[in-house]
*Asks:* 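One structure, pasted below without further comment.
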Amino acid sequence: ATAVRNLTYSTTGRYNNGTRLSSSNSQINFGDQDDFDDTVKMTWSFWYYVNSGTFIRSIIHKFNSGTNSGPFYMRTADSSNPSNNPGEIFFSIGGTTTYYTTTNLDFGLVPNATVWTSLSNNWEHIAVVYDGSETNANRIKVYKNGSQVSGTTSGTIPTSMSNNSSSFYIGADDGYALNTVDMNIDDFAMWDAALSAADIQDMYRRGSNRLKFQFRSCDDAACSGET
């Protein structure tokens, strides 16, 4: 069963209504989801608008930080001083030493402050793709607004996710009192597949334009060359 705690339902979502993780311990708890067990491929995507946050703040996870066990987590920089890692985001598969990190998601610092806010003051789209069949450097890919962003892989990313009974959360981590980023979130989705770059760009374009359907006008049967 799904349980919620300290959420704010907002009319300022990317699509009409959204959800704000407005309290330090806000969370959505989906329980233990077996879909993640031993899987080799997975994609997560959502729209986000950062309000504020500090170091080591949880975003999504199926991971117990107290026991350092679980398939995955996504959180802000692992530093007691945010200015050391401004806007850095970690996405880990399998543990605290096997992760991908990037500073290219518009999680940033207000000048002369020690908290994160959105650098763009806009809704942004993120997609994270895990593919255990790829080479180590390509097993985790992160996309912002339909385009892949650069980052760094640390350790050997596992070729499959662990079988673990931890609950899947959006927001705070109960296992280690790990608080959440103060952020609005909308249109969260997961796939048990590694979506392609073209799939993610199409998904972003539909969301960016708020369109359910799109079409092209073509001047030949192959519809080649049009965008």
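From a predicted model like this one, the values you see are computed outputs, not experimental measurements.
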*Asks:* Could you state whether Leu195 and Val142 fall into the same hydrophobic cluster, counting links through intermediate Ile, Leu, Val, Met, Phe, Trp or Tyr residues with side-chain heavy atoms under 4.5 angstrom apart?
*Replies:* no
*Asks:* So, Asn104 versus Ser150: side-chain donor-acceptor pair below 3.5 Å or not?
*Replies:* yes
*Asks:* Of the options Ile89, Ile93, Thr43, Ile140, which is the one that meets Val128 in a side-chain contact (heavy atoms from CB on, under 4.5 Å)?
*Replies:* Ile140
*Asks:* Check the hydrophobic clustering (I, L, V, M, F, W, Y; side-chain heavy atoms under 4.5 Å; chains of links allowed) and say if Met203 and Met190 are grouped together.
*Replies:* no
*Asks:* Considering only heavy atoms from C-beta outward, does the side chain of Glu134 approach that of Lys141 to under 4.5 Å?
*Replies:* yes
*Asks:* Going hydrophobic residue to hydrophobic residue with side-chain gaps under 4.5 angstrom, can you get from Tyr143 over to Phe91?
*Replies:* no
*Asks:* So which atom in Gln201 and which in Gly146 form the shortest heavy-atom distance, rounded to 0.1 Å?
*Replies:* CB-O, 3.8 Å
*Asks:* Can you tell me how far CD1 of Ile185 sits from CD1 of Ile28, rounded to the nearest 0.5 angstrom?
*Replies:* 7.0 Å
*Asks:* So if you build clusters from Ile, Leu, Val, Met, Phe, Trp, Tyr with side-chain heavy-atom gaps below 4.5 Å, do Val129 and Trp44 land together?
*Replies:* no
*Asks:* Less than 4.5 Å apart, any side-chain heavy atom of Ile157 and any of Tyr130?
*Replies:* yes
*Asks:* Do Phe188 and Ile60 make a side-chain contact, defined as non-hydrogen atoms from C-beta onward lying under 4.5 Å apart?
*Replies:* yes
*Asks:* Nearest heavy-atom pair of Arg139 and Gly132: which atoms, and what distance?
*Replies:* NE-O, 3.6 Å
*Asks:* May I ask you to decide if Asp131's main-chain N or O and Lys41's side chain share a donor-acceptor pair within less than 3.5 Å?
*Replies:* no
*Asks:* Return the OG1 to CG distance between Thr19 and Asp186, rounded to the nearest 0.5 Å.
*Replies:* 7.0 Å
*Asks:* Under the criterion ring-ring contact (aromatic ring centres under 6.0 Å, His included), which of Phe90, Phe72, Phe63 is the partner of Tyr99?
*Replies:* Phe90
*Asks:* Could you grab the distance from atom CG of Asn138 to atom CD of Gln148, nearest 0.5 Å is fine?
*Replies:* 7.5 Å
*Asks:* Parallel, tilted or perpendicular for Phe30 and Phe168, by the 30°/60° rule?
*Replies:* parallel
*Asks:* Shared ILVMFWY cluster between Val149 and Tyr48, side chains joined below 4.5 angstrom?
*Replies:* yes
*Asks:* Which class fits the ring pair His61 and Tyr169: parallel under 30°, tilted 30 to 60°, perpendicular over 60°?
*Replies:* parallel
*Asks:* Does Phe46 have its ring centroid less than 6.0 Å away from the ring centroid of Trp123?
*Replies:* no
*Asks:* What is the minimum heavy-atom distance between Ser166 and Lys62, and which atoms define it?
*Replies:* O-NZ, 2.9 Å
*Asks:* Is there a donor-acceptor pair under 3.5 Å between the side chain of Asn136 and the backbone N or O of Thr159?
*Replies:* no
*Asks:* So, does Tyr100 use its side chain to make a donor-acceptor pair with the main chain of Gly151 at under 3.5 Å?
*Replies:* yes
*Asks:* Would Tyr204 and Trp47 count as a side-chain contact (heavy atoms from CB on, under 4.5 Å) if you check the C-alpha gap in whole Å, the side-chain angles of each, and the deciding distance to 0.1 Å?
*Replies:* CA-CA 9 Å; Tyr204 163 70; Trp47 289 87; 3.6 Å; yes
*Asks:* Is any side-chain heavy atom of Met42 closer than 4.5 Å to one of Asp192?
*Replies:* yes
*Asks:* In the structure I gave you, are the side-chain heavy atoms of Ile126 and Lys144 within less than 4.5 Å of one another anywhere?
*Replies:* no
*Asks:* Is Thr98 close to Pro158 at the side-chain level, that is, under 4.5 Å between some pair of heavy atoms?
*Replies:* yes
*Asks:* Mind checking the CZ-NE2 spacing from Arg206 to His125? Nearest 0.5 Å is all I need.
*Replies:* 11.5 Å
